[in-house]
Amino acid sequence: MIEHQKTYNKFLNQFINKWLSCAEDFPKNKRKYSSIEKFIWEMKCERFLNFAKSFSQNEINENDILLNKCKSFFRDELSYTRDQLQLIFSDDMIVATKDFIRRALQFDSELSNEELFQALRNQWIVFGLQSLFNYPVQTTSSTLAYSLLYPYSDNFIDSRRISYQDKIEFSKRFELRLQGDKVIAKSKAEERIYQLVSMIEDDFDRNDFPKLYESLLDIHHAQTRSIALTRQSVLSDIKCFEIAVTKGATSVIADGYLIAGELSYDQLHFLYEYGAYLQILDDLQDARDDLYEGVFTCFSKNLHSQYLDSMLCKTYYLGKEVLATIQQIYPGKIAFQGLIKRSFSLLFASSVLTNPKDFSPAFIQQCERHSPFRFSFAEKHKAELNHSQVLFDKKLEEFKNTDLCMINKPISTKKTVPLYNDFE
């Protein structure tokens, strides 16, 4: 049986060394786009944005029309392959997403759209991993519970309204519950957290799946250590990086255990690097918000004194290293590898457009030369580009109204039997 701590320490040291060895300069072989190429891309994008805007403004519209239009845009204009489109727009993914929303609101009808979307982000990672590892794409009671745990516990730990001591005391009680003890909740939110742990216990017997529950304690310990990022004590960049890596890695490893029950060494290695990189991307994107909230990640803590030009470049090269690991462990998963590569192509443009104050003017100009569109185009259509959240809220309200009778039914506690096929 794999020893978690020893294995994770090995992965952490490897990942830190990769980060430290990543170059800080802009990639020399990154493609440039001519003015005519930018114009053509902008025309295609504008047509799609106009359609999405008119669709969202209609009182009566068919969801299938929007879905088919999205598929067509990704296939015809962005050149996504059929296998890549299947990963993003599969019928199973859509059905499972609706099922997740329905069951989440059955559990807590007071969840805000923002909290629901936060939970969905993890559940979509679960769906992607299920598809990648040849499991049925579905919402199980345990993956639902785990995805909901962290809008509650993560937001509690990150909140500036809650004292450091209260966070530590909650963390101790939460750890006892994850160990299987009975704990008296101190609040309504805490009570819900313990109910979610019970839902995982309904799916997986503690005696049969000890490593799964060890993984839940691993993410809890990583999350508890991240409390240090909310204190203005002096932590080095590499210590902040280590905290983020451990938190992201253990979070996605727990997803893997809740899908498969047990994991091999290669599976742990992939999930560790994948989860760690997703967390680094989140911290880069949220650097300025984190700074305002008093969360001092390796990115946000440097905004006082420098631009993030070199750190964005390092993040790009780190992603290349993670892709190399994925290609080594899962050489046949071409569609998944392709989606990872595509995320790199827009990393620079999306980063500087989302947070232009974080980067130097010269660096932004350099990024624009390698972008398929002019940044002035993106600024002009910023409202439409950010309209996805508005559309999500609208569709969610429609879903709540049409499925209200389902939401009011109690959530099933029927035990889910996991399918233990090999990840390969």
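These numbers come from the heavy atoms of this one structure, side chains and all, not from hydrogens, waters or symmetry mates. Throughout, residue positions are numbered sequentially from 1 according to the sequence presented.
- No hydrogens or angles considered: a donor-acceptor pair under 3.5 Å links the side chains of S142 and D203.
- Side chains of F348 and C313 form a contact here, defined as non-hydrogen atoms less than 4.5 Å apart.
- Considering CD1 of I329 and CG of L268, their distance stands at 9.5 Å, rounded to 0.5 Å.
- H220 contributes a side-chain N or O that, together with a main-chain N or O of S171, makes up a donor-acceptor pair within less than 3.5 Å.
- A donor atom on one side chain and an acceptor atom on the other are found under 3.5 Å apart for E169 and Q165.
- Relative ring orientation between F299 and W19 is described as perpendicular, the plane-to-plane angle rising above 60° on a 0-90° scale split at 30° and 60°.
- The backbone N or O of C298 sits less than 3.5 Å from a side-chain atom of N302, completing a donor-acceptor pair.
- In this structure, the side chain of Q337 engages the main chain of Y330 through a donor-acceptor pair within 3.5 Å.
- K333 places a side-chain N or O within donor-acceptor distance of the main-chain N or O of L132, the cut-off being under 3.5 Å.
- Under a 4.0 Å N-O distance rule, the pair D283/K247 does not qualify as a salt bridge.
- Checked for salt-bridge contact, E262 and K211 miss the test: no charged N lies under 4.0 Å from a carboxylate O.
- Although no hydrogens or angles enter the test, the distance criterion places a donor-acceptor pair under 3.5 Å between the side chain of E42 and the main chain of R374.
- In summary, E242 and K239 engage in a salt bridge, as defined by a charged side-chain N under 4.0 Å from a carboxylate O.
- The existence of a salt bridge linking E273 and K18 is confirmed by a sub-4.0 Å separation between a basic side-chain nitrogen and an acidic carboxylate oxygen.
- Y213 contributes a side-chain N or O that, together with a main-chain N or O of F204, makes up a donor-acceptor pair within less than 3.5 Å.
- Under the salt bridge (charged side-chain N to carboxylate O under 4.0 Å, His left out) criterion, no residue pair touches residues 334-348, with sequence neighbours excluded.
- Between L281 atom CG and T315 atom OG1 the span is 7.0 Å, to the nearest 0.5 Å.
- The pair E175-K172 does not count as a salt bridge, with every side-chain nitrogen at least 4.0 angstrom from each carboxylate oxygen.
- One finds no salt bridge joining E190 and R177 here, because no Lys/Arg side-chain nitrogen approaches an Asp/Glu carboxylate oxygen to under 4.0 Å.
- Remark: the backbone N or O of T139 is paired with a side-chain donor or acceptor of R103 at under 3.5 angstrom.
- Of the possible polar contacts, one joining the S343 side chain to the I340 backbone as a donor-acceptor pair under 3.5 Å is found.
- Under the 30°/60° scheme for interplanar angles, the aromatic rings of H4 and Y8 are found to lie parallel.
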Donor-acceptor contacts under 3.5 Å from residues 75-82 side chains, at least two apart:
residue: T81; atom: OG1; partner: Q84; partner atom: N; Å: 3.1

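- A donor-acceptor contact shorter than 3.5 Å links the side chain of S147 to the backbone of T143.
- A donor atom on one side chain and an acceptor atom on the other are not found under 3.5 Å apart for N50 and E46.
- Taking the six-membered ring where the residue is Trp, F336 and F270 present perpendicular rings, their angle passing 60° and hence far from 30°.
- Ring geometry for F359 versus F363: interplanar angle under 30°, hence parallel rather than tilted (30 to 60°).
- Within the structure, the salt bridge (charged side-chain N to carboxylate O under 4.0 Å, His left out) test picks out no pair touching residues 310-319 (sequence neighbours left out).
- A distance-only check finds a donor-acceptor pair linking the side chain of S300 to the backbone of V295 [under 3.5 Å].
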